[in-house]
Undergrad: 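One structure follows; several queries about it will come next.
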Amino acid sequence: MNEIPMELGLLLSVVLFVLGLIGVLVRRNLIMILMSLEVMLNATGLAFIVAGSRWGQADGQIMFLLILTLAAAEVGVGLGLALQIFHRFHTLDADSVSEMKG
Amino acid sequence: MTLIIFYITSAVAIFATVMMITRLNAVHGLLYLILSLLSVGVIFFLLGAHFAAVLEVIIYAGAIMVLFVFVIMMLNQGQATIDEERAWLEPGIWIGPSLLASILFAEMMAVIMLGGSAATGLVVNSKQVGAALYGPYLLAVELASMLLLAGLVGAYHLGKPMLKKTKSGTKS
């Protein structure tokens, strides 16, 4: 019935998630960090879709919809923060904000 | 057949993501990120989640990436941008993403030539998704709308000082 084994789909999702995590950890450009976050959220959605397709339930796609909403809100606020940081420090380096003292 | 397409598309997705996190220029990374999202959309289609595949292309690869492009264009200004623009028009940078996109396009053409539809997994159509979304998941939809409202207010609040600054800048 289902030609794609669930293990392969989950494996692809794990690989994409780890790649996104590496991007978040390695890159210091704020825009690139946000883009890697998108990859991570997308990989999570892929895992939900694979599970939903395995059991033929609609819940996987609904979880993907919620992840999509989360990604949209996160990108809006995150890019606003990136713009603010660029206007205050004139750089997109994430390390430039490290001197904040509480 | 479906498995072969799945393998090719997975390879495209992983390659595009690796290229994305290793690009130095944000716009080049964005091109590869769009390819990665598109190939994940193809995988959604192969898994039988047609509605999610459409949403992936329209909202992820369409709307969210437009936001990124806007911000990158807002942050890059001056002579450096013009030089970059000149460099982008030469082949070499966009040839990688174009090749990956043509692989996805060839997959679609192959599916159309071989009978019009690929044998996907268990199809969960949009009617089932909608019935579940506005049935047991109604509270989640309300919460998602609140989240989007909060995101809207937050983005407006963060971008507002800049709007004032540019307005006063044009006046003086």
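A, B, ... follow the sequence lines: proteins, then strands. Residue 1 opens every chain.
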Undergrad: Could you walk me through whether B:Leu55 and A:Gln61 pass the side-chain contact (heavy atoms from CB on, under 4.5 Å) test, one step at a time?
TA: CA-CA 10 Å; B:Leu55 281 184; A:Gln61 293 193 45; over 6 Å; no
Undergrad: Run the ring-ring contact (aromatic ring centres under 6.0 Å, His included) check on A:Phe64 and B:Phe51 step by step: do they pass?
TA: CA-CA 10 Å; A:Phe64 175 73; B:Phe51 187 56; 9.3 Å; no
Undergrad: Only pairs of heavy atoms separated by less than 4.5 Å count here; which of B:Gly151, B:Ala52, B:Ser145 has the most with chain A?
TA: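 Top option by heavy-atom pairs under 4.5 Å: B:Ala52.
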Undergrad: Under 4.5 Å from any heavy atom of chain A, what part of B:Leu33 do you find: side chain, backbone, both or neither?
TA: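 For B:Leu33, the side chain is the part near chain A, not the backbone.
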Undergrad: Any donor and acceptor pair, going by atom type alone, linking the side chain of A:Gln84 with main-chain N or O of B:Leu158 inside 3.5 Å?
TA: yes
Undergrad: If you count the non-hydrogen atoms of other residues, nucleotides and ligands that lie under 6.0 Å from CE in B:Met108, is the total more than 12?
TA: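 Counting other residues, nucleotides and ligands, CE of B:Met108 exceeds 12 neighbours.
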Undergrad: Between A:Ser53 (side chain only) and B:Leu47 (backbone N and O only), is there a donor and an acceptor less than 3.5 Å apart?
TA: yes
Undergrad: Heavy-atom distance under 4.5 Å between the side chains of A:Leu65 and B:Tyr137, does that happen here?
TA: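 No - every pair of side-chain heavy atoms lies 4.5 Å or more apart.
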Undergrad: Given a strict heavy-atom distance threshold of 4.5 Å, which part of A:Met32 is in contact with chain B: side chain, backbone, both, or neither?
TA: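 Side chain of A:Met32 only, per the 4.5 Å heavy-atom cut-off to chain B.
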Undergrad: Select, from B:Ser36, B:Ala13, B:Ser10, the one with the greatest count of heavy-atom pairs under 4.5 Å involving chain A.
TA: B:Ser10
Undergrad: Measure distances from A:Val15 to the heavy atoms of chain B and classify the residue's part below 4.5 Å as side chain, backbone, both or neither.
TA: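 Side chain only.
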Undergrad: Step by step, would you call B:Tyr60 with A:Glu38 a side-chain contact (heavy atoms from CB on, under 4.5 Å)?
TA: CA-CA 9 Å; B:Tyr60 251 122; A:Glu38 288 302 302; 2.9 Å; yes
Undergrad: Quick check: closest heavy atoms across A:Val39 and B:Met20, and the distance to 0.1 Å?
TA: CG2-CE, 3.4 Å
Undergrad: Is any side-chain heavy atom of B:Ile21 closer than 4.5 Å to one of A:Val26?
TA: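 No - every pair of side-chain heavy atoms lies 4.5 Å or more apart.
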Undergrad: Is it the case that atom CZ in A:Phe89 sees more than 12 heavy atoms from other parts of the structure closer than 6.0 Å?
TA: yes
Undergrad: Picking from B:Leu152, B:Val153, B:Val141, B:Val40, which has the most non-hydrogen pairs under 4.5 angstrom with chain A?
TA: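 Greatest number of close heavy-atom pairs with chain A: B:Val40.
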Undergrad: As an exercise: rank B:Ala49, B:Ala132, B:Gly154, B:Pro136 by heavy-atom pairs under 4.5 Å with chain A and give me the winner.
TA: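 Among B:Ala49, B:Ala132, B:Gly154, B:Pro136, the one with the most close pairs to chain A is B:Ala49.
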